**Student:** 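I'd like to ask some things about the structure below.
Not measured: the values here are computed from a predicted model. Just so we're on the same page: letters track the sequence lines, and every chain starts at 1.
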Amino acid sequence: MNAPLITAPHVEPFFFDVAPGTRFCLYHAPNPQLEPRGTILYVHPFAEELNKTRRMASLQSRAFAAMGYAVLQVDLFGCGDSCGDFHSGRWDQWKRDLAAAADWLDARDSGPLHLWGVRLGGLLALDFATTRKVEAIVLWQPFLNGRTCINQFLRLRLAAGLDGDGPGAPRSTAALRAALAVHGRLEVAGYDLECAMVGAIDACEAINLKPLPCTVHWFASGTPGARRLAAGAARLAERWAPLGVELHFHPVDGVPFWATSDIAECPALLAATASVFARGAP
Amino acid sequence: MNFSQRALRFSCNGNSLVGIIDVPERPLPRGVLVVTGGPQYRIGGHRQFTMLSRQLAERGIPVMRFDRRGMGDSEGEPRSFDRIDDDIGAAMREFFLQVPDMKEVVIWGLCDAATAAAFYVGTDARVRGLVLLNPWVRTPQGAARAMLRHYYLARLGEGAFWKKVASGRLDFAASATTLGRNMKMAARDRGQALPQRVVASLAAFDGQVLVVLSEDDLTAREFSRLMARHNVRAKRIDIRGANHTFASAKWRSQVAEASANWIMSW
């Protein structure tokens, strides 16, 4: 007797017209053998972390789809396969891209909208959720402070030693920020940063955001600094509770796949994320 | 010239692969297939391959990029660069389906993708040219040994390096992991078959070859020595000051310009 074929639908890659230009998208249709559970919009990280996390994003997208969710991955303006130069990317444009992507998902599939943001994409998702009602937000190793993200990124230029050891060479992120303000642009690790882009990222802090009522699941590598992270999560949970935002912190063991030199997978994070969704509504 | 972009999904031994093709309004009969290697998926480090494709397509060259199995958006399990002939073959099939008037293809690859391309050409007569950037000709063991010698051990006595570590300016966890892995691989060194395989593949190839080497890159230096030792027949271009992945707009535009000019020169 032949076993029934399990027909997991394949991913659909496509270009989506959103002014200005086009965005590259991947749509993962929900498992047709299950009751549809809603939609999930993926928000990718910044610069090279987008590349490094692509495999994990792909694995988790397929896992969500297999559970009955419709998943959309969109490359934001100036990123990945979407149009535009990297330096033309803007925080506000990225939020407009997410709005267009969320509308597309709403029109195509039924059920509540969820956001899933990785690294700086986590902060962008939280900011987006201050104006768009969502059911839940999944954060993977998020930056909760845009300035921290930019500082870490600027350190790549200091570490590369491109500026030499001369007396005028920038030796701190503050000096690089000053150079950026003077020249308007600064190349870091192959990416052209732009003053207005950095200004908007710097200005965004989770503690000052007021997301609309939803549940937030924050997954973070438990080491190092698990206690400090948990304390930060507790502060944020307290701040958001009156708004109807319920925050859960999930420490996870695993490699820092967003920063490893080779592509790494973190099965513990996939499992932890799946278990939150397997329990029912996240 | 205007060009259109198409997102593709095609199959390789039962796995779905994702690719992008940039098709000029009036495509030239010679296309470029970008093969990716190392930790990169089809957009390339700092989007090098996305931007390269657009620059070549503006000059009339159809370009396809894709993720091999287990990378980026493609299904399947990750595999090493010397086992991706089927993936490249599947992409070639799709490329000719998408651009029916295309007659031949140049494969463009950086690092171990360049090596994979050199291995592939012997199996497919439609490939008439190779653009090889900083080709990887070191066995993992040999490379690990070179890395230890040139990088980590040299830096053990270096004050600035340790200051960098202390100030948090170096991703120490990642470096320590790499160091450990390199030591293990160096211990397993059993020979140097890879350079000979690459030389033999290139000697057997009757098409055109362009080699692009970065000035500031150990991998490129190793290949340069190999070229001299074995009289590898290829046009060579050196990019001054460039690092292994061409992490600056200036170097990337030199690479794109040199690639386009060379591809249109024969």
**Student:** What residues of residues 53-66 of chain B make heavy-atom contacts with chain A at a cutoff under 4.5 angstrom?
**Tutor:** B:Arg54, B:Arg65

**Student:** Select one option (side chain, backbone, both, neither) describing which atoms of A:Cys25 are under 4.5 Å from chain B's heavy atoms.
**Tutor:** neither

**Student:** So A:Phe24 and B:Thr50, side chain to side chain contact (heavy atoms under 4.5 Å, CB included) or not? Walk me through it.
**Tutor:** CA-CA 12 Å; A:Phe24 176 80; B:Thr50 298; over 6 Å; no

**Student:** Please classify the contact between A:Ala47 and chain B as side chain, backbone, both or neither, with a heavy-atom cut-off of under 4.5 Å.
**Tutor:** neither

**Student:** Quick check: do B:Met71 and A:Arg54 have side-chain heavy atoms less than 4.5 Å from each other?
**Tutor:** no

**Student:** CG of B:Asn15 to NE2 of A:His10: how many Å apart, nearest 0.5 Å?
**Tutor:** 8.5 Å

**Student:** Need one label for A:Ser82: side chain, backbone, both or neither, based on atoms under 4.5 Å from any heavy atom in chain B.
**Tutor:** backbone

**Student:** Could you list which of residues 40-47 of chain B have a heavy atom closer than 4.5 Å to any heavy atom of chain A, in residue-number order?
**Tutor:**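 Residues in range: B:Gln40, B:Tyr41, B:Arg42, B:Ile43, B:Gly44, B:Gly45, B:His46, B:Arg47.
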
**Student:** Let's test your reading of the structure: which of B:Asn243, B:Leu8, B:Val18, B:Ile20 forms the most heavy-atom pairs below 4.5 Å with chain A?
**Tutor:** B:Ile20

**Student:** Does CZ belonging to B:Arg79 count more than 12 external heavy atoms closer than 6.0 Å?
**Tutor:**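 Enclosed.
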
**Student:** Given 3.5 Å as the limit, does a donor-acceptor pair link the side chain of B:Arg9 with the main chain of A:Val11, or not?
**Tutor:**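 It does hold such a pair.
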
**Student:** Using a heavy-atom cutoff of under 4.5 Å, enumerate the residues of residues 249-258 of chain B that contact chain A, numbered in order, or state 'none'.
**Tutor:**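 B:Ala249, B:Arg252 fall under the 4.5 Å cut-off.
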
**Student:** Side chain, backbone, both or neither: which part of A:Leu26 has a heavy atom under 4.5 Å from chain B?
**Tutor:** side chain

**Student:** Restricting to non-hydrogen atoms, name the atom on B:Gly72 and the atom on A:Ser58 that form the minimum distance, rounded to 0.1 Å.
**Tutor:**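 Taking every non-hydrogen atom into account, O-CB, 3.4 Å.
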
**Student:** What residues form a salt bridge (Lys or Arg N to Asp or Glu O under 4.0 Å) with B:Glu215, not counting sequence neighbours?
**Tutor:** none

**Student:** Between A:Phe15 and B:Arg6, what is the shortest heavy-atom contact and its length?
**Tutor:** CE1-C, 3.7 Å

**Student:** Could you tell me whether the side chain of B:Pro78 reaches within less than 4.5 Å of the side chain of A:Glu265, counting heavy atoms only?
**Tutor:** yes

**Student:** Between B:Gln5 and A:Asp81, what is the shortest heavy-atom contact and its length?
**Tutor:** OE1-O, 4.3 Å

